[in-house]
Amino acid sequence: MPAVEVRLGPMLSRVAIRQLMDDAARAGSLQAIYDAALNAVKEALDVERAAVLLFDSAGTMRFVASSGLREMYRRAVDGHSPWAVTETAATPVVVSDVEQAPSLSDLAPIFKQEGIRAVGFVPVQFGTRLLGKFMLYYREPHTFTEAEVAVAEQIADYVAFAFEHHRIAVALDSRLLTERTLREQAERDAASREANERRLDLAITAGHMGAWEWDIASGAVTWSSELERIHGLEPGTFEGTLEAFRRDMHPEDAERVAATIAAALDVPGAAYEIEYRIVRPDGAIPWLGATGRVIVDGD
């Protein structure tokens with residue numbers, strides 16, 4: 001089966017090429033791209049039948065669009081390709097008479113049933129990546145001219161460009177959808193956290209309770225404004241250290257609080273519960289009940 005390599009010929013006008021590219025950029029579906037390519041080659045080369053086949057994810061050549069071919073024929077030749085999926089420099093292959101082509105002898109019966117005497121295999125490739133092939137069919141033996149092959153190559157280039165454009169557009173849409181979904185979920189989570197924090201603050205204030213957190217790694221201690229008021233401090237004046245917390249402790253309870261903290265730290269996820277006294281700046285000595293839980297991560 002002879003391979004014919006040709007240079008791009010001037011058979012399609014610049015207007016026609018520009019129109020093909022515009023169609024590719026605007027195409028809402030791959031099927032629209034394939035249909036436009038089939039119509040273009042049929043009009044330019046005056047052929048009744050043509051097809052577009054692309055490699056699937058398994059590397060098998062599959063029909064994606066055709067004109068004038070019966071389903072029986074498509075099923076019989078599905079998967080056939082003159083090039084391997086790894087080919088990086090495929091060139092057109094034309095057969096002027098299939099009955100005189102030994103390499104296609106196994107397909108001779110199906111060619112005869114379909115009324116095919118001449119075929120042209122035109123690679124659809126984007127750069128060095130082979131995507132598939134563009135097929136031309138003739139009912140009678142046909143000598144392919146370089147100009148005809150050049151036209152088919154131009155249209156195959158259009159299919160490759162449009163296919164790649166569509167693939168990138170779909171990938172971008174998918175990424176944008178994923179990012180939009182993640183952003184919306186993050187916004188919902190943030191709104192939910194904010195609402196929960198407002199409800200917690202309301203409950204804490206109404207119950208004359210305060211909230212605290214000790215970041216063990218950094219040593220920072222955070223108190224809510226209500227907890228500061230319980231300790232007799234103005235909101236925002238707590239120093240934010242464990243030492244400042246211990247400084248308010250009643251001397252008789254300090255050792256017991258330290259032992260309770262140490263016991264909680266010994267068991268990941270353990271609870272911290274204790275009652276103790278503090279000495280406020282105004283001299284008052286109230287009892288407090290504290291509860292918490294040690295939360296650990298991978299470190």
Side-chain angles (χ1 to χ4, degrees), residues 1-6 8-9 11-12 17 20-21 23-25 27-45 47-95 98 101 103-104 106-107 110-111 114 116 118-138 144 148-171:
M1 190 164 50
V4 178
E5 185 173 2
V6 296
L8 204 63
M11 294 298 295
L12 283 182
I17 294 174
L20 283 175
M21 295 306 178
D23 291 343
S29 69
L30 287 174
Q31 192 58 52
I33 294 170
Y34 305 146
D35 290 344
L38 292 176
N39 290 333
V41 76
K42 288 166 64 178
E43 292 178 7
L45 300 181
V47 294
E48 296 179 2
R49 294 175 290 181
V52 179
L53 297 89
L54 298 177
F55 286 112
D56 63 14
S57 59
T60 302
M61 193 79 79
R62 303 294 188 189
F63 279 90
V64 295
S66 64
S67 176
L69 298 175
R70 292 183 297 171
E71 183 179 354
M72 176 190 68
Y73 173 81
R74 296 196 302 270
R75 286 201 307 268
V77 301
D78 198 40
H80 178 270
S81 172
W83 319 282
V85 67
T86 54
E87 178 63 62
T88 59
T91 57
V93 174
V94 296
V95 181
V98 295
S103 61
L104 295 178
D106 56 333
L107 297 177
I110 190 63
F111 281 150
E114 194 69 11
I116 295 172
V119 293
F121 303 81
V122 182
V124 175
Q125 47 197 346
F126 191 81
T128 59
R129 186 159 58 96
L130 183 62
L131 304 177
K133 64 180 178 179
F134 202 57
M135 293 295 302
L136 309 175
Y137 306 93
Y138 291 85
F144 291 82
E148 288 174 331
V149 177
V151 168
E153 283 190 304
Q154 284 181 298
I155 298 175
D157 286 344
Y158 151 76
V159 173
F161 167 80
F163 180 83
E164 190 67 10
H165 181 279
H166 187 273
R167 184 190 67 80
I168 294 173
V170 170

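Checked against ring pair (Phe, Tyr, Trp, His ring centres under 6.0 Å), Y138 has the following partners two or more places apart in sequence or in another chain: H142, F144. For R129, the salt bridge (Lys or Arg N to Asp or Glu O under 4.0 Å) criterion is met by E164, not counting sequence neighbours. In this structure, F63 has no ring pair (Phe, Tyr, Trp, His ring centres under 6.0 Å) partners at least two apart in sequence or on a different chain. Scanning for side-chain hydrogen bond (donor to acceptor under 3.5 Å, both in side chains) contacts around Q125 gives an empty result, with sequence neighbours left out. Residues that satisfy the salt bridge (Lys or Arg N to Asp or Glu O under 4.0 Å) test with E87, not counting sequence neighbours, are absent from this structure.
Counting only distance, with no hydrogens or angles, the side chain of W83 and the backbone of G132 share no donor-acceptor pair below 3.5 Å.
The minimum heavy-atom distance between A156 and V124, with the atom names listed, is O-CG1, 3.8 Å. Among all heavy-atom pairs drawn from G68 and R49, the shortest one is O-CD, 3.0 Å. Heavy atoms only, all atoms of each residue included: Y137 and L69 are closest at CE1-CD1, 3.6 Å. Of all heavy-atom pairs spanning K133 and S81, the tightest one is NZ-CA, 4.2 Å. Considering every non-hydrogen atom in both A51 and L38, the closest pair reads N-CD2, 3.6 Å. Considering all non-hydrogen atoms of both residues, L130 and A84 come closest at CD2-O, 3.5 Å.
Here the CZ-CZ distance, from R75 to R70, works out to 10.5 Å after rounding to the nearest 0.5 Å. Taken from CD1 in I116 to CG in L136, the straight-line distance is 11.0 Å, to the nearest 0.5 Å. Rounding to the nearest 0.5 angstrom, the gap separating the CG atom in L54 from the OG1 atom in T60 is 12.5 Å. To the nearest 0.5 Å, atom CE of residue M135 and atom CZ of residue F121 are 4.0 Å apart. Rounding to the nearest 0.5 angstrom, the gap separating the CG atom in D56 from the CG atom in D78 is 8.5 Å. Summarising the geometry, atom NE2 belonging to H80 is positioned 6.5 Å from atom CG belonging to D106; distances are rounded to the nearest 0.5 Å.
For the side chain to side chain donor-acceptor pair (under 3.5 Å) condition, the pairs that include at least one residue of residues 33-42, sequence neighbours left out, are Q31-D35, K42-S67.
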Output, in order, the C-alpha distance, side-chain angles, deciding distance and verdict of side chain to side chain contact (heavy atoms under 4.5 Å, CB included) for L53 and V64.
CA-CA 5 Å; L53 297 89; V64 295; 5.9 Å; no
Would you please test L107 and V98 for side chain to side chain contact (heavy atoms under 4.5 Å, CB included) and show each step?
CA-CA 9 Å; L107 297 177; V98 295; over 6 Å; no
